[in-house]
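See structure below.
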Protein chains: 2
Amino acid sequence: MPRQVAERADILPKLAEIFRKRGYEGASLSEIGAATGLGKGSLYHFFPGGKPEMAESVLAEVDAWFEGNIFAPLRAIPAGDAAEARARLAEMCRAVDAYFKSGRRVCLLGAFALADTRERHAARVRDYFRRWVEAVARALVVAGRAPADARTEAFDAVACIQGALVLARAADNPPAFAGALARLQARLTA
Amino acid sequence: MPRQVAERADILPKLAEIFRKRGYEGASLSEIGAATGLGKGSLYHFFPGGKPEMAESVLAEVDAWFEGNIFAPLRAIPAGDAAEARARLAEMCRAVDAYFKSGRRVCLLGAFALADTRERHAARVRDYFRRWVEAVARALVVAGRAPADARTEAFDAVACIQGALVLARAADNPPAFAGALARLQARLTA
DNA sequence: CTCCATATGGAACGAACGGTACAGTCTAAA
DNA sequence: TTTAGACTGTACCGTTCGTTCCATATGGAG
């Protein structure tokens, strides 16, 4: 194999960062080139499908991270182990706080859910949030909630996270996100 | 005065609708022209500042609507009248549900808080959410909460609304928004 | 009717867009 | 040392962007 100066995997985080900062439509190829340090030739070498493929790849990577680090651990809680369920829900809050850098980072899928790219990535965004809510609901059932209550509480929990991100970003007040997460953790593990 | 076929006030709702649907960067002048039924000449006649002025005017109008219909009523609750405070908090939930068309409409300021236009409209977005949270907190204090609790609960309430909008939009499931609002109302008026 | 400010559509503009083409650079294997 | 092919920068393409400009239409005031 010839040289491999840049890796697709190295580019994706930088791509994610610029899509977060500028949005899909707002991120121009020249900006992307500047942010990644890659010329258009390299960009189109790694992403022959152009900007749509870049965005899709970024979403897939973010989705995979959440699937592995957030959703799967919640789903894998042994039935009946309420204490473990509470522990993993608390761990979710910690991991979410870390991922979003305590409110300094925006949820790309949340932003794409609201903005112009809704149509384009609707299926992936829908699936991401569905799996998140279902994983939390599963954990809450193990923790002792009635299934119906667990579902609404899980919805409200994920909504709380997303809303706190919006408000923390709007107020430019990252600590507010951490505070909201702490209260959420208390509610979930009550 | 010569004819006035179109009014600035008539255009703003249509502008808001297209910014909601396509985002700031995604909404092109030709789309805006098609959506409003106005040529570029008319558009630039009403908004000499171009697209930035259009967005700013829309945000100002939305902000004014919330100020008059949501924030002010909450702020104006007579001190000590806990029952009235609960009633107006319930009325806020009803008005919010109506405004967002039960989850079929997106919060423009929330979307702008996350997306590419963050820098441009940061001050207005920050002020909007700050006034919202403070108004709810004021009502909660009158309803009997301790000031510190009222502040965090108000933050969580507005976050819940914004997050529910994100999730309802992502899942393409408007009723989920109404459900979240109903639960929020129950919590606030408890 | 004549004015004239207001309102309007659309042609035209430069700039920037996303995307393509390709010659050139470099490295690992032969 | 040669060579195949992964990588890279850049010039360039057609398109569309936001904006400007202007000829024209309109309707109340004089």
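Throughout, protein chains are lettered first and strands after them, A, B, ... in sequence-line order, and every chain is numbered starting at 1.
Sequence neighbours left out, the pairs with a member in residues 72-88 of chain A that pass side chain to side chain donor-acceptor pair (under 3.5 Å) are A:Glu67-A:Arg75, A:Glu84-A:Arg88.
Salt bridge absent: B:Glu134 and B:Arg131 never bring a charged side-chain N and a carboxylate O closer than 4.0 Å. Ionic pairing of B:Glu25 and B:Arg120 is not present here: no N-O contact between side-chain nitrogen and carboxylate oxygen is shorter than 4.0 angstrom. Ion pairing between B:Glu91 and B:Arg94 holds under the 4.0 Å rule for side-chain N and carboxylate O. Using a 4.0 Å cut-off between a side-chain N of Lys or Arg and a carboxylate O of Asp or Glu, A:Arg124 and A:Asp127 do not qualify as a salt bridge.
The distance between atom CZ of B:Phe46 and atom C1' of C:dT6, rounded to the nearest whole Å, is 9 Å. Computed from coordinates, the A:Leu38 CG to C:dG19 C1' distance equals 16 Å when rounded to whole Å. Rounded to whole Å, atom C1' of C:dT6 lies 13 Å from atom CD1 of B:Ile11. Atom pair A:Asp10:CG and D:dT8:P shows a separation of 11 Å (rounding to whole Å applied). Atom pair A:Leu43:CG and D:dA6:P shows a separation of 18 Å (rounding to whole Å applied).
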Given protein heavy atoms under 4.0 Å, the one-letter contact record of nucleotides 14-21 of chain D, with B base, S sugar-phosphate only and - none, is simply ---SBBB-
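Between B:Gln162 and B:Leu114, every side-chain heavy-atom pair lies at or beyond the 4.5 Å cut-off.
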